[in-house]
Every structure is written in C-alpha cells, then in structure tokens.
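Some notes on the structure that comes next.
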Protein chains: 2
Amino acid sequence: MIQYKNIQYQCSMELTLDLIGGKWKSLILWHLGENTLRFSELKRTLPQITQKMLTQQLRDLEADGLVHRYIYTQIPPKVEYSLTEAGKSLLPILATLCQWGLNYANEVEVTAKDLTCEQSAPSSLSQ
Amino acid sequence: MIQYKNIQYQCSMELTLDLIGGKWKSLILWHLGENTLRFSELKRTLPQITQKMLTQQLRDLEADGLVHRYIYTQIPPKVEYSLTEAGKSLLPILATLCQWGLNYANEVEVTAKDLTCEQSAPSSLSQ
DNA sequence: CATAACGGTATAAAAAAAGATACTACCTTA
DNA sequence: TAAGGTAGTATCTTTTTTTATACCGTTATG
C-alpha cells in the first residue's frame with residue numbers, strides 16, 4: 001500500500017501511471033528529455049495541446065518533482081523547463097513503452113508509416 | 001504517425017498508453033500474468049472494481065489482443081481469462097513501471113508500507 | 001420457495017479530463 | 001498606433017471515464 005497526495009495505491013504501478021499517464025505528460029517528458037525548452041517552444045513542439053493543458057500538465061509534473069521550472073526575471077518573461085533527476089530516470093522507461101507500442105503496431109499491422117519513437121528521440125537514448 | 005482504431009497517434013507511446021493506461025487495465029494484466037483467472041476470481045482480486053468496469057476493460061483488452069477469453073459452454077457459466085503472447089510481452093514493462101514507482105515512492109518518502117510490486121508479482125518475473 | 005453463485009447487460013449519474021475562448025501585462029517591431 | 005511575442009489565468013463547455021444501481025437466465029443449496 002502506497003499513499004501519495006491523499007490517494008491510496010494498491011500497487012506502485014498505479015502511482016507510476018498517475019505520474020506519467022494521461023494524454024500529454026509522457027509526451028512532455030519525452031520532449032524535455034532531449035533539451036531544456038521554453039514554454040513557447042514546448043507549445044510549438046506539441047501544436048495540438050492547448051495553452052491551458054500545457055500549463056496544467058507542467059504544473060503537475062513540477063509538483064511531482066519530475067520537471068524543473070526556471071523563471072528568468074526579465075521582460076518579456078522567459079521560463080525554461082527541464083527534467084529533474086527523477087524525470088531523467090523515466091526516460092529509459094518511456095523509450096521501452098515507445099518501442100513496445102511500435103512492435104505491437106507492426107505485429108497487429110496497424111497502419112504505421114515512417115514511425116520511430118518520435119518526435120525526436122532523446123539522443124541520450126539512441127544507441 | 002500511427003493509426004489504430006480510427007485514432008491517430010503521433011508517437012507509439014501514446015498508443016501504448018491507450019492500450020494499458022487507465023485505472024484498471026494494467027492491474028488486470030498484472031494479475032493475469034501469474035494465473036489464468038475466471039471473471040469472479042478477478043473480481044475478488046480487485047474488490048474495488050465494479051462489474052461493469054471489469055467487463056468493459058476485459059473486452060477492450062481482448063479486442064486489443066492482449067487477453068484471451070475462453071468460454072466453457074456449461075451451466076453455471078465459466079469464463080477464463082489469460083494473457084495472449086502480446087499480453088505476456090507486456091509483463092516485463094509492467095514490472096519496470098512498478099519498480100520505478102516503488103523507487104520514486106522511497107525517494108520522495110511517500111508513505112509506503114510493506115510495498116512490493118504487488119499484488120502477487122508474476123512468478124515468471126521474480127528473479 | 002428463497003437465496004446465492006455464475007457472468008454478465010442496461011441505464012443513469014457523477015466525476016475527471018480535456019478543450020475552447022477570451023483575457024491579462026509588458027515589451028518590441030513595423 | 002497596431003500587431004505580435006512572452007507566459008500565462010479565468011471561465012465555460014464538452015468529452016471521456018468511472019461509478020452506482022438494478023436487472024437477466026440458469027443451476028444448486030437450504
């Protein structure tokens with residue numbers, strides 16, 4: 001039994017999925033795996049995400065200690081996001097999830113064109 | 001770009017999370033990792049899940065080729081669920097997710113008591 | 001005859017997640 | 001002076017996910 005933020009988990013996997021599940025979190029982590037990115041850069045990398053969702057997910061990731069937020073006190077504002085050590089430790093797992101999905105797609109013969117573990121696999125993981 | 005069941009994924013990881021994400025799927029897979037289980041046995045193993053959710057998630061997993069459903073034509077009815085090869089190939093990943101959550105919990109000093117990658121880690125994975 | 005176990009289905013409601021849209025303040029550029 | 005970039009916030013609505021509850025037919029048990 002795990003308790004985290006007033007939620008009880010019977011299995012630590014449930015906790016993991018709360019931390020990286022949902023539509024955007026793993027993608028955000030994945031993109032930050034390569035570079036430190038500014039808010040607007042992240043937004044451009046994930047064109048479909050709304051500003052609200054990006055802000056919300058980044059706040060969650062920050063509160064969970066997976067992402068670091070650095071504010072430059074300047075005008076116009078500049079805020080940079082990067083992975084914490086905990087966040088970096090997720091990258092190999094994200095790569096595995098990505099690779100499994102890729103294999104699955106090939107075996108089930110899903111229409112998969114030019115598919116790699118995109119978009120832009122962190123160079124630290126490309127062997 | 002992947003397309004599967006009329007949904008477009010930019011990254012295969014999104015596909016993976018659709019297949020195993022949500023509140024119950026990974027837990028169901030995890031429990032089926034050890035044994036073939038009947039509907040009612042699964043229900044007892046996951047006391048909090050409603051009958052409807054269990055049915056629904058099992059149908060999803062079956063449709064995605066991760067779980068096999070075997071109906072014994074007898075009365076009272078007997079239905080057994082087990083992992084397909086694709087489902088089994090997920091077990092190491094689930095173990096990794098579980099282990100990461102466990103490490104996270106310990107490092108963040110979440111209240112984690114007697115926590116292993118429960119409930120009943122598949123024996124095939126216990127090294 | 002009533003109840004329970006089996007493996008569900010059907011319907012409705014509640015809760016959570018995600019999206020759309022408008023707005024802010026400040027500065028720079030045209 | 002108007003438009004665009006910066007990093008957001010505030011509301012509201014929609015969509016998706018999850019839950020609650022009642023119900024089905026069959027057989028066995030008390």
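Below, chains carry the letters A, B, ... as their sequence lines are ordered, and counting in each starts from 1. Owing to the predicted nature of the structure, the values given are computational and were not obtained by experimental measurement.
Between the side chains of A/Q56 and A/D60, no donor-acceptor pair is found at a separation under 3.5 Å. Remark: the A/Y72 side chain and the A/E80 side chain contain an N/O donor-acceptor pair separated by less than 3.5 Å. In summary, the side chains of B/Q99 and B/N103 do present a donor paired with an acceptor at a separation below 3.5 Å, with no hydrogens or angles considered.
Taking atom CD1 of B/I75 as the reference point, atom C1' of D/dG25 lies 8 Å away to the nearest angstrom. For the pair B/M53 CE and C/dA10 P, the computed distance is 17 Å after rounding to whole Å. For the pair A/E14 CD and D/dT18 P, the interatomic distance rounds to 12 Å; values are reported in whole Å. Taking atom NZ of residue A/K52 and atom P of nucleotide C/dA18, one finds them 10 Å apart after rounding to whole Å. One atom, CG of B/L54, and another, P of D/dT18, lie 13 Å apart when rounded to the nearest Å. Here the C1' atom of nucleotide D/dA7 and the CG atom of A/L37 are 15 Å apart, to the nearest Å. Look at NZ on B/K25: it is 8 Å from P on D/dT17, rounded to the nearest Å. Distance CD1 (B/I49) to C1' (D/dT19): 11 Å, rounded to an integer number of Å.
The residue from B/L27, B/I49, B/L37 that alone fulfils the side chain to side chain contact (heavy atoms under 4.5 Å, CB included) condition with B/L42 is B/L37.
Between C/dG7 and B/S40, a contact under 4.0 Å exists linking OP1 or OP2 to a side-chain N or O. Distances shown here put a side-chain N or O of A/R38 below 4.0 Å from the OP1 or OP2 atom of D/dA7. Between A/R44 and D/dT6, a side-chain N or O to OP1/OP2 separation shorter than 4.0 Å is present. Between D/dA7 and A/Y70, no contact under 4.0 Å exists linking OP1 or OP2 to a side-chain N or O. In terms of phosphate contacts, B/R69 brings a side-chain nitrogen or oxygen within less than 4.0 Å of OP1 or OP2 of C/dG8. Proximity of B/R59 to the phosphate of C/dT9: a side-chain N or O atom is located under 4.0 Å from OP1 or OP2.
The aromatic rings of B/F39 and B/Y81 sit tilted relative to each other, their planes meeting at an angle between 30° and 60°.
Of the candidates D/dA7, C/dC6, D/dT18, D/dT18 carries the atom nearest the B/Q57 side chain, counting heavy atoms from C-beta on. Considering only the side chain of B/Q51, C/dT9 comes nearest among D/dA7, D/dT9, C/dT9. For A/P77, whose side chain is taken as the heavy atoms from C-beta onward, the closest listed nucleotide among D/dG8, D/dT6, C/dA18 is D/dT6. For B/F39, the side-chain atoms get nearest to C/dG8 when compared with the rest of D/dG8, C/dA20, C/dG8.
Across all strands shown, A/Y72 has no heavy atoms under 4.0 Å from either base or sugar-phosphate atoms.
No N or O donor and acceptor, one from the side chain of B/K23 and one from the base of D/dT17, sit under 3.5 Å apart.
A donor-acceptor distance shorter than 3.5 angstrom exists from the side chain of A/E14 to the backbone of A/Q10, with no hydrogens or angles considered.
Projected onto DNA chain C by closest heavy-atom contact, A/Q48 and A/P76 fall at different nucleotides, the more 5' of which corresponds to A/Q48.
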